[in-house]
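Treat the numbers as computed from the prediction; the structure is a model and nothing was measured. In what follows, every heavy atom counts, from backbone to side chain, and hydrogens, waters and symmetry copies are set aside. All chains are named by letter (A, B, ...) in the order of the sequence lines, taking the proteins before the strands, and each is independently numbered beginning at 1.
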Amino acid sequence: MVRPDFQTPPGTRDITEPDAGRVRRLVEVFADEAVTAGFGQIVTPMFEDVGVFVRLGEASDVVSKELYSFKDKGGREIALRPEFTASVCRAFAQHRPLTPWKTWYVGSGFRYDKPQKGRYRQFEQVGAEVVGSHDPDIDTELIALAWRFFRRIGLADFTLVVNSLGDAGDRPRYQAALTEYLEANRSRLSEQAQKTMVVNPLRVLDSKRAGDAAVAAEAPVMSDHLSPEATAAFDRVLAGLDTLGIDYRVEPRLVRGLDYYTRTTFEFVSHSLDAAQNALGGGGRYDGLVEALGGPPEPGVGFALGVDRTLLACDEEGVFTPADDTVAVWVVCTTDDLAGLEAVEELRSSGISAGRAYDGRSMKAQMKAANRSGAEIAVIIGSQEVEAGTVAVRTLRDGDRSGDQQQQVDRRDLVKKVRSLLP
RNA sequence: GUGGCCGUAGCUCAGUUGGUUAGAGCGCCAGGUUGUGAUCCUGGAUGUCGGGGGUUCGAGUCCCCUCGGUCACCCCA
């Protein structure tokens, strides 16, 4: 093998057709749903001052060990974005748009993780955020947006799980109760969980070890420690989901990875992915985050969906299958002049997708390429055609050529003829 | 960061207890028709067997290191 000097770094990959086109189409569907819901797009830098992300909570792994950070040539401490919410909040604080500010995005995030199925160091997300309103109906509308998106691409085998983490004031009281419980059951917890307990007790609820899960199952639940306001907001969200006919499961042990969440949190969990990474996406409220980034004390809520995982789930469910982007016409030219170049460009200029072969290959080879390209029509130009001022237009059906038709047409009628043969 | 499994042609893989010039299918290219795509037939190209070191008369096969992939934990999209 001619060994290449370089390959993609760990956890990254080249996305080629037909997958690349599939990603593009997926984003188009999401963009359409977001715009329909009145969201405007935002494009933020892929890297930010590292402080933007550190404010997400130093206790989280995303910040403490997964940040792609470096110092640039100006001595600035920079980090590749591990998610989008922090950038959106930073942008809000920087530009102070009118509220409620509704914005959607698409792009790559970066985390220095150990790669595995459905988890890459560079991953694609789409998402939407609303800054500047406490109204729980917005939480519901965001969930509905994601729900419509999943439904529209054909996904069915997933569950929406929701929870409320309460307000800033509720968290410490619950955390205290939880810590007390975990301390009392310390001996039943895994070594890892005992460490996690100290850093962030909530996350112990999330452990996948069977022993830990058993402890978590009997732990005190957040809903018993919510303020009346937080309870009312959560009830409103659930009522909204009921009204819209969106199925959900309240999961008191749903804690999300970032520390900034308050009140509503939610996650879309796939059942068709047998991999460990089965969360298609999630989100929630982050009522203190904008302020933590030096902005006004505006609340926020949003979600992000993993494009890669969503497509993995689509694979499993056999939906949103890749489409071949084939050209409509294939120009076969066996003369040495520029007739083939001219014809193919004329077709393209007329809005007809067209391909051709290069390197002066034989007619047989070019017809083979035409067949393989998936084109519906071959335009054949040989010395006879050039002399007569015509081109041969031939229909192509995959495989068998018996039913195909070929006719000579005036060169000047090329576009007209081809157009009449295409659907 | 921790652990299991894996790494042979473009792709999917086979390579017996270490033993002569490393194979198959698919794909690709050419010819079978000096103007024509399926199928069929014939022929052809491509591998420092992931990399380095070691054991041995001899290593794709054994050992060590390393890089990469994969799956799981941790964590998360």
Side-chain angles (χ1 to χ4, degrees), chain A residues 1-4 6-13 56 59-66 81-85 107-127 146 190-193 195-196 199-200 203-204 206-210 212 255-258 267-270 273-283 303-313 330 332-335 357 359 361-386 392 394-404 406:
Chain A
M1 174 168 36
V2 180
R3 209 169 306 286
F6 303 105
Q7 58 182 314
T8 52
T12 68
R13 66 243 205 269
L56 295 174
S60 70
D61 278 21
V62 169
V63 173
S64 64
K65 64 179 208 190
E66 295 172 6
R81 63 184 176 208
E83 55 121 52
F84 289 72
T85 303
S108 298
F110 306 85
R111 291 183 195 174
Y112 195 85
D113 255 355
K114 183 132 179 178
Q116 68 187 72
K117 186 166 190 177
R119 189 174 73 186
Y120 307 99
R121 288 186 177 177
Q122 176 175 350
F123 53 95
E124 295 294 308
Q125 285 189 332
V126 293
S190 68
E191 197 176 326
Q192 181 63 44
K195 280 184 205 158
T196 306
V199 186
N200 189 336
R203 216 163 286 125
V204 175
D206 211 18
S207 176
K208 289 192 181 153
R209 295 167 198 277
D212 297 341
V255 294
R256 310 233 341 120
L258 289 320
E267 202 166 279
F268 295 92
V269 181
S270 169
L273 290 178
D274 53 357
Q277 317 302 325
N278 61 358
L280 300 175
F303 68 85
L305 308 178
V307 171
D308 311 298
R309 288 185 190 177
T310 298
L311 287 176
L312 282 174
W330 195 264
V332 171
C333 182
T334 55
T335 65
D359 302 313
R361 309 233 274 137
S362 70
M363 177 165 287
K364 177 174 179 170
Q366 292 194 48
M367 285 304 295
K368 208 170 161 184
N371 186 50
R372 199 162 40 210
S373 77
E376 300 200 31
I377 293 171
V379 170
I380 302 163
I381 306 171
S383 51
Q384 290 168 28
E385 282 76 14
V386 170
R394 182 184 177 90
T395 59
L396 299 173
R397 293 282 170 272
D398 35 41
D400 189 12
R401 68 176 102 156
S402 55
D404 293 318
Q406 179 170 331

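Contact annotation: side chain of Gln406(A) to base of rU36(B), donor-acceptor pair present below 3.5 Å. Taking 3.5 Å as the limit, the base of rG37(B) and the side chain of Arg372(A) contain no donor-acceptor pair of atoms between them. Counting distance only, with no hydrogens placed and no angle test, the side-chain atoms of Lys117(A) and the base atoms of rG69(B) include no donor-acceptor pair under 3.5 Å. Residue-to-nucleotide contacts include no donor-acceptor pair under 3.5 Å from the side chain of Arg111(A) to the base of rC75(B).
Both distances falling under 3.5 Å, in either a Watson-Crick or a G-U wobble arrangement, place rC5(B) opposite rG69(B). As the counterpart of rU17(B), no nucleotide is assigned, since no Watson-Crick or G-U wobble pattern has both distances under 3.5 Å. In this structure, rU33(B) forms no base pair with any nucleotide, since neither Watson-Crick nor G-U wobble geometry is met with both distances under 3.5 Å. Using the Watson-Crick or G-U wobble rule with both distances under 3.5 Å, rC26(B) pairs with rG10(B).
Regarding Asn371(A), its CG atom lies at a distance of 9 Å from the P atom of rG37(B), rounded to whole Å. Glu124(A) places its CD atom 16 Å from the C1' atom of rC76(B), with the value rounded to the nearest Å. In this structure, Trp330(A) atom CH2 and rG37(B) atom C1' are separated by 12 Å, rounded to whole Å. In this structure, the CD atom of Glu66(A) is 9 Å from the C1' atom of rC74(B), given to the nearest Å. For Tyr112(A) and rC74(B), the OH to C1' distance is 16 Å, given to the nearest whole Å. One can place CZ of Arg121(A) at 14 Å from C1' of rC74(B), the figure rounded to the nearest angstrom. Between the C1' atom of rA72(B) and the CG atom of Asn278(A) lies a distance of 14 Å, rounded to the nearest Å. One interatomic measurement links the two molecules: CZ of Phe303(A) to P of rA77(B), which rounds to 13 Å at whole-angstrom precision.
Here Ala279(A) lies in heavy-atom contact (under 4.0 Å) with sugar-phosphate atoms only. Within the 4.0 angstrom heavy-atom criterion, only backbone atoms of the sugar-phosphate kind lie near Arg361(A); the bases stay farther away. Pro82(A) comes within 4.0 angstrom of nothing in the nucleic acid, heavy atoms only. Nucleic acid contact for Gly283(A): none, since no nucleic acid atom lies under 4.0 Å from a heavy atom of the residue. Contact annotation for Leu280(A): backbone-only contact, meaning every heavy-atom pair under 4.0 Å involves sugar-phosphate atoms and none involves a base. Gly109(A) comes within 4.0 angstrom of nothing in the nucleic acid, heavy atoms only. Contact annotation for Gln122(A): no contact, since no heavy-atom pair falls under 4.0 Å across all strands.
Separating the P atom of rA9(B) from that of rA14(B) is a span of 12 Å, rounded to the nearest Å. Taking atom P in both rG10(B) and rG51(B), the straight-line distance is 13 Å, to the nearest Å. The P atoms of rC63(B) and rA24(B) are separated by 29 Å, rounded to the nearest whole Å. One P atom belongs to rA30(B), the other to rU36(B), and the distance between them is 14 Å to the nearest Å. For the P atom pair drawn from rC49(B) and rG53(B), the interatomic distance equals 12 Å after rounding to whole Å. Nucleotides rC28(B) and rU39(B), compared at atom P, are 9 Å apart to the nearest Å. Comparing rG19(B) with rG1(B), their P atoms sit 38 Å apart, to the nearest whole Å. With both ends at atom C1', the span from rG60(B) to rC74(B) equals 36 Å, rounded to whole Å.
Between Arg203(A) and the phosphate of rC76(B), there is a side-chain N or O to OP1/OP2 separation shorter than 4.0 Å. In this structure, Gln116(A) reaches the rA72(B) phosphate: one of its side-chain N or O atoms is under 4.0 Å from OP1 or OP2.
Closest contact between the side chain of Pro10(A) and the listed nucleotides rG68(B), rC74(B), rA72(B) involves rG68(B). Closest to the side chain of Lys364(A), from the set rU2(B), rA77(B), rU36(B), is rU36(B). Among rU36(B), rA77(B), rG3(B), the nucleotide with an atom closest to any side-chain atom of Gln125(A) is rA77(B). Taking the side chain of Met367(A) as heavy atoms from C-beta on, and the options rU36(B), rA72(B), rA77(B), the nearest nucleotide is rU36(B). The Arg309(A) side chain lies nearest to rC76(B) when the options are rA30(B), rG68(B), rC76(B).
Here the side chains of Asp308(A) and Arg13(A) are in contact, with some heavy-atom distance below 4.5 Å. Side-chain contact between Arg394(A) and Val332(A) is absent, with no heavy atoms from C-beta onward closer than 4.5 Å. Considering only heavy atoms from C-beta on, Phe123(A) stays 4.5 Å or farther from Arg309(A) through its side chain. No side-chain heavy atom of Lys368(A) sits less than 4.5 Å from a side-chain heavy atom of Arg361(A). Looking only at side-chain heavy atoms (C-beta outward), Thr335(A) and Glu385(A) stay at 4.5 Å or farther from each other.
Under the 3.5 Å distance criterion, with hydrogens and angles disregarded, a donor-acceptor pair is assigned to the side chains of Gln122(A) and Ser108(A).
Comparing Phe268(A) and Ser383(A) by the nucleotide of RNA chain B whose heavy atom lies nearest to each, the residue mapping closer to the 5' end is Ser383(A). Each of Val255(A) and Thr334(A) was matched to the nucleotide of RNA chain B holding its nearest heavy atom; the match closer to the 5' end belongs to Thr334(A).
Side chain of Glu83(A) to main chain of Thr85(A): a donor-acceptor pair is present (N/O by atom type, distance under 3.5 Å, no hydrogens or angles). In this structure, the side chain of Arg121(A) engages the main chain of Asp113(A) through a donor-acceptor pair within 3.5 Å.
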